[in-house]
Amino acid sequence: MGKVVAFVDLDYFFAQVEEVEKPELAGKPVVVCVYSGRTEDSGVVSTANYPARRYGVKAGIPIKRAKKLLPPEAVFLPIRLQHYTQLSRHVMSILDRYADRMRIESIDEAVLDITNRVGGDFEKAAEYVAGMKTEVLRATGLRCSVGVAPNRVVAKIAADISKPDGLRVVKSEEVEDFLSPLPVNSIPGIGSKAAASLAEMGVKTVEDLKQLSLETLEKLFGRKRAEYVYFAARGKYDEPVEPRPPPKQVSRIITLKRNTRDVDDVIAELSRAVADGLARMEALQAAASRVGAVAITSDLRTITRQAEIRPGASYEEVLKILRKLFQEILQQDARLQLRRAGVRFSDFVSQAGQSTLSGYIE
DNA sequence: TCAATGCACGC
DNA sequence: CCCTTTTGCATTGA
């Protein structure tokens, strides 16, 4: 028997949370912002609600540009990530009760295998999922969009298309007709770069994409991605719904008050992020054996350097190594100015003889 | 095999 | 006209 998979996506999540908690925002454009602290209004839009989107405001655009696009009644709020995380957990705990197996994809997305819950029946799935949406709404005030399909890729696309507050079921026999007319970038994993190279070849829709051989795709995307795209375009990319494994790396990045090539400045401004990253590692019960410096230059290029550390290295030890790494980066080009700086912990090793390395053999 | 880079995707 | 943050993965080049 084929699977029944539901993909749940909380609508414009962060902005929706603000709307739910502040009824006076009703009907107004709401923009949740990541302020970088460099100047007043420097930073980007994290999420915008639908009234704001009508003016062309969306995730990723500069706050300044959003202010120009929107009328005076628009409301700009700073991101409250911890709060959204709490609400997300609440929602996920509800969703979990509706699933045979669930995978939390991100703060606002989850994939549920509901095959047994609905006896493999897509008609039943529609009602079942509608009930789930209602419970989430009653418990939290939040609306979500849900796609139901035989696998997670198609389910995600169905959820995307149904937004906001949507519910779209795509039965097995409907999958091909559902996918064919969609633009190639509807497929998760095909972003702007991949879509652009495909467009150059005249490939615009999933139907067009299906005409390309595995070999052609391989030349465009490399082996792994080609295989994924090949099957995804046919609605046949399938994998079991399994919980997300623990993170393999922890990183923190900050925007510097001003561009600099002074290592002391960089380290001073980065220190809080380092402490924060170490706290996250502690919470994960993980110890890194590598640490990396991430430098973003004034022209927004990214340069990275890594070094080995003693797993469980202290804050001071980490700062010392980071200082060396940033020095290396700056020395490679005397003209470099850093705009942003970050730290990355990776290559985790865990205690008690366990190994996080997948290739580990007893 | 390792280090560095780039793409994707999310908000 | 301005440019945040986090993680995973694949490719590339040595």
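First the proteins, then the strands, lettered A, B, ... as listed; each starts at 1.
Heavy-atom distances to DNA chain C give each of A:Arg65 and A:Val250 a nearest nucleotide, and the one nearer the 5′ end belongs to A:Arg65. Nearer the 5' end of DNA chain C, as judged by each residue's closest nucleotide, is the contact made by A:Val45, out of A:Arg225 and A:Val45.
In this structure, the NZ atom of A:Lys163 is 11 Å from the C1' atom of B:dC9, given to the nearest Å. Spacing between atom CG of A:Asp9 and atom C1' of B:dC9 amounts to 11 Å, rounded to whole angstrom units. The CZ-C1' distance, from A:Arg339 to C:dC3, rounds to 6 Å in whole Å. We find that CZ of A:Arg38 is positioned 8 Å from P of C:dT4, with the value rounded to whole Å. In this entry the distance linking NZ of A:Lys224 with C1' of B:dA8 reads 16 Å, nearest Å. For A:Lys193 and B:dC9, the NZ to P distance is 13 Å, given to the nearest whole Å. Rounded to whole Å, the distance from CG on A:Asp333 to P on B:dA4 is 16 Å. Across the protein-nucleic acid pair, A:Asp108 atom CG and B:dG10 atom P stand 8 Å apart, rounded to whole Å.
Closest contact between the side chain of A:Lys156 and the listed nucleotides B:dG10, B:dC11, C:dC3 involves B:dG10. For A:Gln249, counting side-chain heavy atoms from C-beta on, the closest listed nucleotide (B:dC11, B:dG10, C:dG8) is C:dG8. Here the nucleotide nearest the side chain of A:Pro247, chosen from B:dA8, C:dG8, B:dC11, is C:dG8. Closest to the side chain of A:Pro62, from the set C:dC3, B:dA8, B:dA3, is C:dC3. Among C:dC3, B:dT5, B:dC11, the nucleotide with an atom closest to any side-chain atom of A:Ala59 is B:dC11. Taking every side-chain heavy atom of A:Leu300 into account, C:dC3 is the closest of C:dC3, C:dT4, B:dC11. In this structure, the nucleotide among B:dA4, B:dC11, C:dT4 sitting nearest to the side chain of A:Ser46 is B:dC11. Side-chain proximity of A:Arg305 to the nucleotides B:dC11, B:dT5, C:dC3 is greatest for B:dT5.
Of the residues A:Arg290, A:Met281, A:Gln285, the one that meets the side chain to side chain contact (heavy atoms under 4.5 Å, CB included) test with A:Phe348 is A:Met281.
Nearest heavy-atom pair across A:Ala99 and A:Tyr128 is N-OH, 4.4 Å.
Using a 4.0 Å heavy-atom cutoff across all strands shown, A:Arg301 reaches no nucleic acid atom at all.
Counting heavy atoms from C-beta on, the side chains of A:Phe13 and A:Leu142 come closer than 4.5 Å.
Between A:Lys28 and A:Glu19, no side-chain nitrogen of the basic residue sits less than 4.0 Å from a carboxylate oxygen of the acidic one, so the salt-bridge criterion is not met. At a threshold of 4.0 Å, the pair A:Asp113-A:Arg101 does not count as salt-bridged, since none of the basic side-chain nitrogens sits closer than that to a carboxylate oxygen.
B:dG10 sits 23 Å from C:dC3 when the P atoms are compared, rounded to a whole Å.
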